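First the structure, in the form of structure tokens, and then the observations on it.
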Amino acid sequence: METLPKIDRYEFEVNMTTVDKLHRMRPSALCNMMLSAAGKHADKRGFGATRKLGWVMARMVLDVKNIPLGSQQFTIETFIKNAYRGFTDRCLRAIDSDGNEMAAMMCTFAMIDLDTRSPFDFDSEFHDLFMRYLTPEEPFSIPRVPSPRRCNVEGVEPVHRRIRYSDVDINGHMNSIRYIDHIMDILPLDYLYTHDLSRFVVAYMQEAKPGEGLNYYMKEVEDDTYYVQIVKDSGEAICRCEMSFLPRPEVEED
């Protein structure tokens, strides 16, 4: 197989259907665009998802400096920083036309057998490919994927949602990025229009499937910093998140 560059760069333009009333790209849309770039990078190098094998996200951290705006053109760079014990750390960054980093994301992925839903030892099949394309020497603004801190949510009234068609991805479970939309929907619109998301950290503990009910427990632990714990109706914890916002210097009104 031809040896390709370790880092891929893809050009994107913000579709106006993915922005809010302030013309900011929704964080979930930015994450999906980044994951699209990640998929292209993996497919070109021979270790992308197939009908039998899939990549599932275990953890993710997104840092946002300047969210892309409607119709804005920018570049997404992506590469693999680490591979260890059946997991990979993938780095992505969005860069504006002047070369400034707008956002950075690091994700920890695991490969699974889609039939058995069990972890797949990709090292046995893709070892040489990963060794060829690992880029540990590449500088990156996020040193590692942190684990969201635990939070006592006793007394917090949860927001209940049931997993529907639009929530489910190709792996047959709740899409990793849809959690961001669900969590953002809990916050008041007035707050979201006067604040910008600056960081989102999430750890996934188990899959959630169509038809299951989820309870979202959100608690503000510091000014503009929230912890979220997501629990199935059965009582099983499936996801833990931490998100931070910054007040907007100016609020544009229609």
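Everything quoted here is computed from the prediction, not taken from an experiment.
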Review point. Mind checking whether Met102 and Pro68 have side chains closer than 4.5 Å, heavy atoms only?
Key: yes

**Study point:** From Asp115 atom CG to Asp113 atom CG, the distance as rounded to the nearest 0.5 Å
**Key:** 5.0 Å

Revision key, fill the gap. Only residue of Glu101, Met106, Arg93 satisfying side chain to side chain contact (heavy atoms under 4.5 Å, CB included) with Ser141 is Glu101

Check your understanding: Looking at side-chain heavy atoms only, is the closest gap between Met174 and Pro210 below 4.5 Å?
Key -> no

Check your understanding: Going by the angle between their ring planes, with limits at 30° and 60°, are Tyr133 and Phe47 parallel, tilted or perpendicular?
Key -> tilted

Check your understanding: Please walk me through it: do Arg144 and Asp89 pass salt bridge (charged side-chain N to carboxylate O under 4.0 Å, His left out)?
Key -> CA-CA 8 Å; Arg144 62 182 180 84; Asp89 288 336; over 6 Å; no

Check your understanding: Are there more than 12 heavy atoms of other residues, nucleotides or ligands under 6.0 Å from atom CD of Glu154?
Key -> no

Practice item. Report the distance from atom CG of Leu30 to atom CZ of Arg24, rounding to the nearest 0.5 Å. Key: 13.0 Å

Exercise for review: Check whether any side-chain heavy atom of Phe74 lies under 4.5 Å from a side-chain heavy atom of Met33, and answer yes or no.
Suggested key: yes

Check your understanding: Ile142 versus Asp63: any side-chain heavy-atom pair under 4.5 Å?
Key -> yes

Review point. Mind checking whether Pro247 and Asp224 have side chains closer than 4.5 Å, heavy atoms only?
Key: yes

Point to revise | Between His41 and Phe79, ring centroids under 6.0 Å | key: no

Exercise for review: Tell me, please, whether Tyr226 has Lys219 positioned over its six-membered ring: NZ or CZ under 6.0 Å from the ring centre and within 45 degrees of its axis?
Suggested key: no

Study note, to complete from the structure: d(Cys151 SG, Glu220 CD) to nearest 0.5 Å is 11.0 Å

Study note, to complete from the structure: The residue among Leu35, Val145, Ile177 that forms side chain to side chain contact (heavy atoms under 4.5 Å, CB included) with Met60 is Ile177

Point to revise | Expected output: side-chain His195 to main-chain Tyr191 donor-acceptor under 3.5 Å | key: yes

Point to revise | Test item: Tyr217 and Val228 side chains (from C-beta on) under 4.5 Å apart, heavy atoms | key: no

Review point. Going only through I, L, V, M, F, W and Y residues with side-chain contacts under 4.5 Å, is there a path from Val61 to Ile76?
Key: no

Point to revise | Parallel, tilted or perpendicular, as decided by the 30° and 60° cut-offs, for the rings of Tyr204 and Tyr179 | key: tilted

**Study point:** Within 45° cone and under 6.0 Å: Lys21 NZ/CZ vs Tyr193 ring
**Key:** yes

Review point. Between the main-chain N or O of Thr135 and the side-chain N or O of Glu138, is there a donor-acceptor pair closer than 3.5 Å?
Key: no

Practice item. Could you tell me whether Lys44 and Asp8 have a side-chain N and a carboxylate O separated by less than 4.0 Å? Key: yes

Review point. Nearest 0.5 Å, what's the CG-CG distance between Asn175 and Asp167?
Key: 8.5 Å

Check your understanding: Atom NZ of Lys40 and atom OG1 of Thr78: how far apart are they, to the nearest 0.5 Å?
Key -> 11.5 Å

Check your understanding: Looking only at atom types and distance, does a side-chain atom of Asp20 sit under 3.5 Å from a main-chain N or O of His23, one as donor and one as acceptor?
Key -> yes

Practice item. Kindly compute the distance separating OG (Ser71) from CE (Met16), expressed to the nearest 0.5 Å. Key: 5.0 Å

Review point. Cut-off 3.5 Å, side chains only: do Asn66 and Asp96 have a donor facing an acceptor?
Key: no

Check your understanding: What about Tyr227 and Leu197, same hydrophobic cluster or not, with Ile/Leu/Val/Met/Phe/Trp/Tyr joined at side-chain heavy-atom distances under 4.5 Å?
Key -> no

Point to revise | Any Phe245 side-chain heavy atom under 4.5 Å of Asp196 side chain | key: no

